[in-house]
Every structure is written in C-alpha cells, then in structure tokens.
Amino acid sequence: MADRFFNRELSWIEFNARVLHEACRKDLPLMERLKFLGIVSSNFDEFFQVRVASIKRAVLREQVPSTLLKKISQRCHELTEMQYNTLMNDVLPALTQKGICYVGAENYTANQKSHTESLFRSEIFPVLTPLRTDASEFPHIGNMRLHAAFLLEPLPGVHIQQNPLMAKAGEDQIALVPLPPSIPRIVWLPGSGASKYFTVLDDIIPLYGRELFPGYAVKETMLFQIARDADFGVDEEAGDKFIEAMEEVLVKRQSSFAVRMVCNTSSPTLLSRLKDKLRLSADDIYRVNGLIDPSTLMELASMEEAQAYLYPEWKNFYPADLPEEGSYWNTLRQKDVLLNVPYESYEPVVKFIRDAARDEQVLAIKMTLYRTGSKSPIIQALKEAAQNGKQVTVFVELKARFDEQRNISGSEELENAGVIVIRGVMNFKVHAKICLVIRRESDGIRRYLHISTGNYNPKTAKLYQDFSLFTSNPELAGDATMFFNVISGYSTLLPMHSLFMAPVTLKSRLLELIDREIQLHSAENPGLIVAKMNSLCHPEIVEALYRASHAGVKIMLNIRGICTLIPGKKRLSESITVLSVIDRYLEHSRIFYFRNGGSEELYLSSADWMERNLDRRIELMFPVTDAAAFKIVKETLFLYFQDNTHSHTLQSNGIWTANSPAEKEQAVRVQEALYKKYKKRSEAKKSEPATEFIIRRKN
C-alpha cells in the first residue's frame, strides 16, 4: 500500500520540519524563532515517548519492518542537527547582539565565575544528590529528567578512606546527578553595560561538580535526558479503582523502557556505559551541541527586554454579535453566534458558563472536559453552579495524554463541590467539546448550547485557532440532550438529526458526503470538497477521497500535521491539493465543506480524519446553518488556500514545498488577514451610534 499512502510517522516528522522551517526564517522576530525551536523539542519529546515507543514494540512483534525505525532515526537526526545549528550559531548569537547574551561556562568572566561558584555552593550544591553506579542496581533515570554524568578518577597522592559501598580503590567511577526541577534552569549573571547575561544550569553543574566528589578528579562530564515509553493504556475494567489505575500509568512512565537519549558529549566511556545500561542503539542517541532542551529558553520571551523581538501584539476582540453587558440569553434566542478564537476573545465562553451558574432560571448544566488547563475559571464556574443548586454533570476525560494528573485533580475538585463527575467512557476517549445549559423561561424549558472544535481551555484559546458556536437551535439542542444521555447512561442509540457522533455515525456520514459529491459531480456543476484539519490518515476516508478525485471532484485540503494521502498522483489523486499553514497561532479547527450540487453544506467538528478520532473516540460533527455564520466560516476556510507566506504545499513525492508570492503577486498571510478583519469589525461596532430609545409617557 506504500504507493497509495505516505507513512504516518514519517509524515509527522515532516510536520515538525515545517515548524523548524519557521525557526530558521530570518524574517521572523528572534524570540519567535526561539519559541519555534522550543516547540520542535517539545514535539519530538512526545513523538518519541508515544509513537516511536509504539513502533519499537511493533518491531519486536514483527508487525512493522525495522527499516522504519532507521528512516525515522535518519530524518530526526537531520532535523536535530539543523535545530541546534540554528540555535547555537544563529539565534543565540543574534540575541547577544541585541543585548540578551547567553554565556557558556568556557566564557565566564572572572566576576561571572565567582558569582556562579558562590551560587553553586550556597543554593545548588545542597539540593544535588550524586548517585553511584557500581551498586547491584543501576540508579533509576526518570523519564524526561535532566541528569549530569561524571567519570571520576582518584586524585594521585590522596589517601581515600575506602567506602565499602563503592568499587575497589583506584578504579574509575561513574556517578549520576539528577538536576532538580526545583532549581531554575536559567541563571542570570552579572555583566557590564545595558545587556542582560544568562547561563544555564547545564553549564554550572559540570563546571563545579567536582565538589560533589571529594578525593576524585572529574575526567569527563555529560548532560543527558532520557525519553521513555509513555504509550500506556489504562485498565478499563478498573471500575471504582479507575483513578488509581490511571495514576499507576503515570508512575509506569517514569520506569518504562528507554526510547531515546539526548546528550551533549563525545565521552565514549560515559556514553557507552549509559547506552548499554539503557539498552539503546546508536540510532537512539542524539548528540547535540548546546543545552539539552531548548524549550527551557522559551521563558526568556517574558523579559521586558525581549518584547521588541516578539511578534507585534494582536489583541483579541469581543465578538460583535454578543452584548458586552448582561446575559446572552435574549441574543441566542434570536440567532446563532459564531466565535473565532484567538482573533475573538474566549471570555464569552467563560461568561456563558458563569452566567449559567448564577442565573436562578438555569436548572442544569452538562458539559465535556478534555484538557482544561490549570486554575481554570470554567472549573470554578461549574463548582459555583453546583453550590448554587444547579444539577451539574461533567464528563472529564482522564485519558487525555500528559494531562491525566491535571484532569484527575480537576475531577476531584468538581466532585467535592457537588458536581456529578463521569470519568470518561469505557474503551473510548471523550474528545467532543460541548456544553448544554437547560433554563426555565416564561414559555417553557429552553436549551442553550455551546459546541466547539477546541478544548475548554482559556489559556490555549489564546494560541489555538478554533471555531465554536453558541445556539439555542431546538434541533441541535435536542440532539445534544440525546448525546449526553447516550454517554452517561444506558440510552439506546436513537437517530440524531444534526449532530454526528463518532464512533457511531460520524465516519459513515463523511463517507456519504464524499460519495454524494461524486454522484452530483458533472462538467456543468463540478463537485468540490474543501477541508481543514490537524491530521488526515484514516484509510477509508483517504480511499474515498481518491475515488472522488478519480471521478473529477476537486479536493482542497488544509492539513496542519500528518497527511498520509498522496496528492497530485496520476490516475489516483490528480485533482487533490494539500496545503499546510504554520504561523504564530496553532491551526486547530476542523472545517468540512461540500458543494453538494450547489446546495452547499458546511460542518465543524472536534474530530480529525484519523482512525483514533473516527473509530476510537467520542467526537462530534455539527452543521453550520445560520446564514451569517456560514458565510464567515466559508470565507475563512477558502482564505487559507491563498496563504503564500506561511504555507507549504505537499508534492506527490512527499516533499513539502514552502510557498512564496510570485513576481508581482500580492503577499497573503492568512492569520494576519483574519486579525485585520476582526479588528476592522470591532472598530466598526464601536463607531456605531448608540441606539436612542424614545420613551412616551402619558401627560
């Protein structure tokens, strides 16, 4: 099938290459380039812990060829080398010229050396715990924990009182020192002039580490970090012990098998010993020239001096269709309201839930939570609602990878406040984003709905582009009620009219829509499918798109991450184009458009076109039927395909080509165009004359 699909893992690596491309662009502000370098590292960390770990197990079971691991290693090594060349030879030197100066240990001035030595002795040394490696059990190396390794030899002429726990006197020793996460990685240094000088813990500990080992000389040092297998499932049969089972998964991540080591040394002794102990191959070792985790430096962006080297501020704007004072109930009775974050403020979502919590007419709130963020105002509003006597039911997905502990804490916090908490659904992740408010009004019970492509997380809403919809549409609200009954109890799966739910009807509906486009396609009325999502790799969906292309349907895809579909291939996908946009905001919304013979249909969804989303998760897709909202979403979707400054186009050979304006062609940056659009809309709202109410009184 290789001639019909790109490999999923190799496609993901090329996504990270596109992120790295942004970091390498000299036309971007320096701090933004530094951020992208950090994102590359964070992305790779998760990739190795989850996907590479899974492949290693599959190779052992002979389910995939070992050559795939070779290809992954080769490309990841290439990108890592490019990343560190950009960091150490381009971005950090350029920041130094701007007065934000990184100083390595070898370049400390006398004053800086005195400062770091004093700091080491007073604040760092007391916290460090050196671990010997000659005991019967090799010391545990925690997942994603930074360690220093020291190769030691006894000092000549120094009599050492032999420690019975250690190896024989005269032998070289290897010691490991975990770097405590409680100590800041970035250390500020004294310096002259207006410049700011900093070093990192990675430089200080090897320099003064000899003080940890009296009687020994340090021959060689190495900083390293291990990524371990984090692709664990939880025992779905654990019942009331599910939280304990989930917490056990978190513990296992710290001691599972090693997948990758990133290190900064050429020391053959230290490297060989650790490689053997951790059972890593040469392909699993990533030697870097610089600090182990560049994402550490992302905190530099918060410095006052760094603000000039960030993107110009883009404020988000209060939605023009929602009142800034009072509740939204009257507005939503009359029309749907579309929200496009982060161009528009996320505050209306928080306010919607907070108002529901405080409104005496509200009887109940039901919603799903996947990744909520820490200290979430939404959690606080839900707690307040329960304390105010509302019936509040929340579906908290504990299996949201790397957010499990936060979600466990959040679910317990809600439960303690009186919220009915349902911790996911057995064998499925609840990935749908939906909130239903039931309110008693003068004409009866009315239901208000918020449904989104993105998580209920106010922090990521400042960085992730997502669409959501506020509505009181009876059909959508009725389907939402049925959806919550299905996932909370024993309700029979009844047909929903407007909501399509994975793993039940969403995939089949998508296949129907694609097949309908094929049936309605003609020369006079050509078919058209336009879709935007994070990833596309579901074989059935890809094959359906191939059929549509073979029939002549034009297909335009905007895929941020993985794409296993091969576009532009003769007799397979000649009418399919694939574009990817990587810019200051993370493109997260899922939008699906079908021309439908002229009766256009447009859908928003929480689901990508992946097997995990359509077959193994609870997801929702919903139509955009309000005329004004439809127009905005459609125009936004098509605008993405005009981007020629921060986009790449996928070729049939698997290479992503960076787009740039042709000669005399206008430069189009879709995110900037959207920002300007919402800014103009906000300014127009503010300039509207206040409505004058003429009150007639009887004389």
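- Counting heavy atoms from C-beta outward, S580 and I559 have side chains that stay 4.5 Å or more apart.
- Annotation for Y585: atom OH counts as buried by contact number, over 12 foreign heavy atoms lying within 6.0 Å.
- Residues satisfying the ring-ring contact (aromatic ring centres under 6.0 Å, His included) criterion with F224, sequence neighbours excluded, are H147.
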**Q.** Worked check of side chain to side chain contact (heavy atoms under 4.5 Å, CB included) between H588 and N534
**A.** CA-CA 6 Å; H588 194 248; N534 295 308; 3.7 Å; yes
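- Every ring-ring contact (aromatic ring centres under 6.0 Å, His included) that Y675 has, sequence neighbours left out, goes to W314, F317.
- Ionic pairing of E347 and R354 is present here: one or more N-O contacts between side-chain nitrogen and carboxylate oxygen are shorter than 4.0 angstrom.
- A distance-only check finds no donor-acceptor pair linking the side chain of S114 to the backbone of A110 [under 3.5 Å].
- To the nearest 0.5 Å, atoms NE2 (H115) and OH (Y197) are separated by 14.0 Å.
- Interatomic distance, OG1 of T453 versus CD1 of I591, reported as 7.5 Å (0.5 Å rounding).
- Salt-bridge formation is detected for the pair D583/R669: a Lys NZ or Arg NE/NH1/NH2 atom is positioned less than 4.0 Å from an Asp or Glu carboxylate oxygen.
- A heavy-atom distance below 4.5 Å is found between the side chains of E117 and Y208.
- Taking the side chain as every heavy atom from C-beta outward, I285 and C263 approach each other to under 4.5 Å.
- In this structure, the side chain of N264 engages the main chain of L223 through a donor-acceptor pair within 3.5 Å.
- Annotation: the span from D608 atom CG to I562 atom CD1 amounts to 9.0 Å, rounded to 0.5 Å.
- Residues D293 and S295 share a closest heavy-atom pair of OD1-OG, 2.6 Å.
- Of all non-hydrogen atoms in S452 and S606, the two that sit nearest each other are O-CB, 4.2 Å.
- Around NZ of K351, the count of heavy atoms belonging to other residues, nucleotides or ligands within 6.0 Å exceeds 12.
- Residues satisfying the ring-ring contact (aromatic ring centres under 6.0 Å, His included) criterion with H431, sequence neighbours excluded, are Y370.
- Residues L270 and T221 approach most closely at CD1-C, 3.8 Å, considering heavy atoms.
- Between N558 and V581 there is a side-chain heavy-atom pair separated by less than 4.5 Å.
- Between E413 and K383 a salt bridge is recorded (basic side-chain N to carboxylate O distance below 4.0 Å).
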Only pairs under 3.5 Å count here: list side-chain donor-acceptor contacts from residues 90-108, not counting sequence neighbours, and write none if there are none.
unit_1 : atom_1 : unit_2 : atom_2 : d
D90    : OD1    : K26    : NZ     : 3.3
D90    : OD2    : K26    : NZ     : 2.9
D90    : OD2    : R33    : NH2    : 2.6
T96    : OG1    : L92    : O      : 3.1
Y102   : OH     : D203   : OD1    : 3.4
Y102   : OH     : D203   : OD2    : 2.8
Y108   : OH     : T199   : OG1    : 2.7

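- Y286 and F48 have perpendicular rings, their planes meeting at more than 60° on a 0 to 90° scale where under 30° would count as parallel.
- Using a 4.0 Å cut-off between charged side-chain N and carboxylate O, E22 and R25 make a salt bridge.
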Q. Given the rule in the side chain to side chain contact (heavy atoms under 4.5 Å, CB included) test, do V177 and F150 qualify, once you have shown the distances and angles that lead to the verdict?
A. CA-CA 8 Å; V177 179; F150 296 86; 3.6 Å; yes
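- Side-chain contact annotation: Q49 with D229, donor-acceptor N/O pair under 3.5 Å absent.
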N/O donor to acceptor pairs below 3.5 angstrom from side-chain atoms of residues 178-192, sequence neighbours left out:
unit_1 : atom_1 : unit_2 : atom_2 : d
R185   : NE     : D202   : OD1    : 2.7
R185   : NH1    : T296   : OG1    : 2.7
R185   : NH2    : D202   : OD1    : 3.3
R185   : NH2    : D202   : OD2    : 2.7

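- Side-chain atoms of D466 and S589 include no donor-acceptor pair closer than 3.5 Å.
- Taken from NZ in K532 to CD in E587, the straight-line distance is 4.0 Å, to the nearest 0.5 Å.
- For the residue pair Y456 and L369, the shortest heavy atom distance occurs at CB-CD2, 3.9 Å.
- In summary, the side chains of K433 and N455 do present a donor paired with an acceptor at a separation below 3.5 Å, with no hydrogens or angles considered.
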Q: Please step through side chain to side chain contact (heavy atoms under 4.5 Å, CB included) for the pair M533 and N613, ending with a clear verdict.
A: CA-CA 12 Å; M533 66 198 77; N613 296 91; over 6 Å; no
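- With hydrogens and angles disregarded, a donor-acceptor distance shorter than 3.5 Å links the side chain of Q307 to the backbone of A301.
- At distances below 3.5 Å, at least one donor-acceptor pair connects side-chain atoms of S647 with backbone N or O atoms of D643.
- Between the side chain of E32 and the main chain of Y311, a donor-acceptor pair closer than 3.5 Å is present.
- A donor-acceptor distance shorter than 3.5 angstrom exists from the side chain of E344 to the backbone of N340, with no hydrogens or angles considered.
- Expressed to the nearest 0.5 Å, how far CG of L79 lies from CD of E14 amounts to 6.5 Å.
- For the pair Q225 (side chain) and M144 (backbone), a donor-acceptor distance under 3.5 Å is present.
- Counting heavy atoms from C-beta outward, V350 and P458 have side chains that approach closer than 4.5 Å.
- Using modelled atom types and a 3.5 Å distance limit, the side chains of N644 and N659 yield no donor-acceptor pair.
- Heavy-atom contacts from other residues, nucleotides or ligands closer than 6.0 Å to NZ of K679 number 12 or fewer.
- With a 4.5 Å cut-off on side-chain heavy atoms, F47 and E9 count as touching.
- With hydrogens and angles ignored, the 3.5 Å screen pairs a side-chain donor or acceptor of Q112 with a backbone N or O of T109.
- Listed here is the closest heavy atom pair of S345 and N316: CB-OD1, 3.6 Å.
- Residues forming a ring-ring contact (aromatic ring centres under 6.0 Å, His included) with Y84 (at least two apart in sequence, or on another chain): none.
- Not one N or O on the side chain of H646 forms a donor-acceptor pair closer than 3.5 Å with the backbone of V668.
- Within 6.0 Å of CD on E81 lie no more than 12 heavy atoms contributed by other residues, nucleotides or ligands.
- Looking only at distances, a side-chain donor or acceptor of R18 sits under 3.5 Å from a matching main-chain atom of R560.
- No side-chain donor from either of S682 and Y318 sits under 3.5 Å from a side-chain acceptor of the other.
- For the pair M82/L20, a side-chain contact is recorded, criterion being any heavy-atom separation below 4.5 Å from C-beta on.
- In this structure, W656 and C563 approach most closely via the heavy-atom pair CZ2-CB, 4.5 Å.
- Rounded to the nearest 0.5 Å, atoms CD1 (I13) and CD (E78) are 10.0 Å apart.
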**Q.** Candidate pair F15 and I582, rule side chain to side chain contact (heavy atoms under 4.5 Å, CB included), full reasoning
**A.** CA-CA 9 Å; F15 153 65; I582 308 286; 3.7 Å; yes
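- The aromatic rings of F470 and H450 are tilted relative to each other, their planes meeting at an angle between 30° and 60°.
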